[in-house]
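Keep in mind that what you see is a predicted model, and the values were worked out from it rather than measured. All values below were derived from every heavy atom in this structure, side-chain atoms included, with hydrogens, water molecules and symmetry-related copies excluded. When a residue number appears, it is its place in the shown sequence, counting from 1.
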Amino acid sequence: FTLGYDEYVKTRDDDYAMISLNDSSDAKLFDLKSDPNMDKNIAVKHPDVVKRLWNDYVLKDAGGPLPKY
């Protein structure tokens with residue numbers, strides 16, 4: 001589910017929440033089941049999940065690349 005996008009994008013699925021700049025850089029990823037308060041950024045350890053959320057939710061929802069801010 002993409003929650004919104006502007007300079008930053010926010011998206012989540014049942015397991016993870018991700019926040020990044022609108023070009024997918026500076027991603028922060030949180031495991032919602034083991035870290036519901038979103039205290040521990042696990043993006044570096046799980047680049048595959050970041051890429052999946054970006055492609056499957058952000059780009060699909062936006063219909064392509066996001067505008068630059």
Side-chain angles (χ1 to χ4, degrees):
F1 315 109
T2 298
L3 303 176
Y5 42 83
D6 196 357
E7 181 179 357
Y8 288 88
V9 296
K10 303 168 194 111
T11 192
R12 61 168 286 164
D13 63 11
D14 291 335
D15 299 316
Y16 298 98
M18 183 188 78
I19 301 165
S20 74
L21 289 173
N22 76 354
D23 63 1
S24 78
S25 65
D26 195 29
K28 292 170 181 56
L29 179 70
F30 305 96
D31 182 328
L32 296 173
K33 294 187 191 236
S34 67
D35 181 21
N37 293 326
M38 300 190 325
D39 294 318
K40 186 174 180 184
N41 178 9
I42 61 169
V44 172
K45 293 181 181 181
H46 298 282
D48 55 322
V49 177
V50 171
K51 184 176 181 178
R52 178 180 61 79
L53 291 174
W54 178 260
N55 290 330
D56 292 355
Y57 294 105
V58 176
L59 292 182
K60 187 180 272 187
D61 181 68
L66 302 177
K68 302 291 181 210
Y69 286 90

Could you measure the distance from the CG atom of Leu29 to the CD1 atom of Ile42? Nearest 0.5 Å is fine.
4.5 Å
Evaluate the side-chain contact (heavy atoms from CB on, under 4.5 Å) criterion for residues Tyr16 and Leu32: first the C-alpha distance (whole Å), next the side-chain angles of each, then the deciding distance (0.1 Å), finally the verdict.
CA-CA 5 Å; Tyr16 298 98; Leu32 296 173; 5.6 Å; no
Go through the steps for Tyr8 and Asn22 under the test side-chain contact (heavy atoms from CB on, under 4.5 Å), then give the verdict.
CA-CA 5 Å; Tyr8 288 88; Asn22 76 354; over 6 Å; no
Minimum-distance pair of heavy atoms, taken over all atoms of Pro36 and Ser34:
CD-C, 3.6 Å
Run the side-chain contact (heavy atoms from CB on, under 4.5 Å) check on Met38 and Arg12 step by step: do they pass?
CA-CA 12 Å; Met38 300 190 325; Arg12 61 168 286 164; over 6 Å; no
From CG (Leu53) to CG (Asp15), nearest 0.5 Å:
9.5 Å
Using the rule given for side-chain contact (heavy atoms from CB on, under 4.5 Å), can you reason through Val58 versus Lys60, listing the C-alpha separation, both sets of side-chain angles and the distance that settles it, and then say yes or no?
CA-CA 6 Å; Val58 176; Lys60 187 180 272 187; over 6 Å; no
Any sub-3.5 Å donor-acceptor pair from Asn37's side-chain atoms to Asp39's backbone N or O?
no
Rounded distance (nearest 0.5 Å) linking atom CD of Glu7 with atom CG of Asp23:
10.0 Å
Side-chain donor/acceptor of Asp35 to backbone N/O of Phe30, under 3.5 Å
no
Is the shortest heavy-atom distance from the side chain of Lys51 to the side chain of His46 under 4.5 Å?
no
Looking only at non-hydrogen atoms, find the nearest pair between Ser25 and Ser20 and report the distance.
O-CB, 3.5 Å
Please report the shortest heavy-atom distance between Ala27 and Asn41, naming the atom on each side.
O-ND2, 3.9 Å
Between Asp13 and Arg52, is there a side-chain N and carboxylate O pair less than 4.0 Å apart?
yes
Check whether any side-chain heavy atom of Trp54 sits under 4.5 Å from a side-chain heavy atom of Val9, and report yes or no.
yes
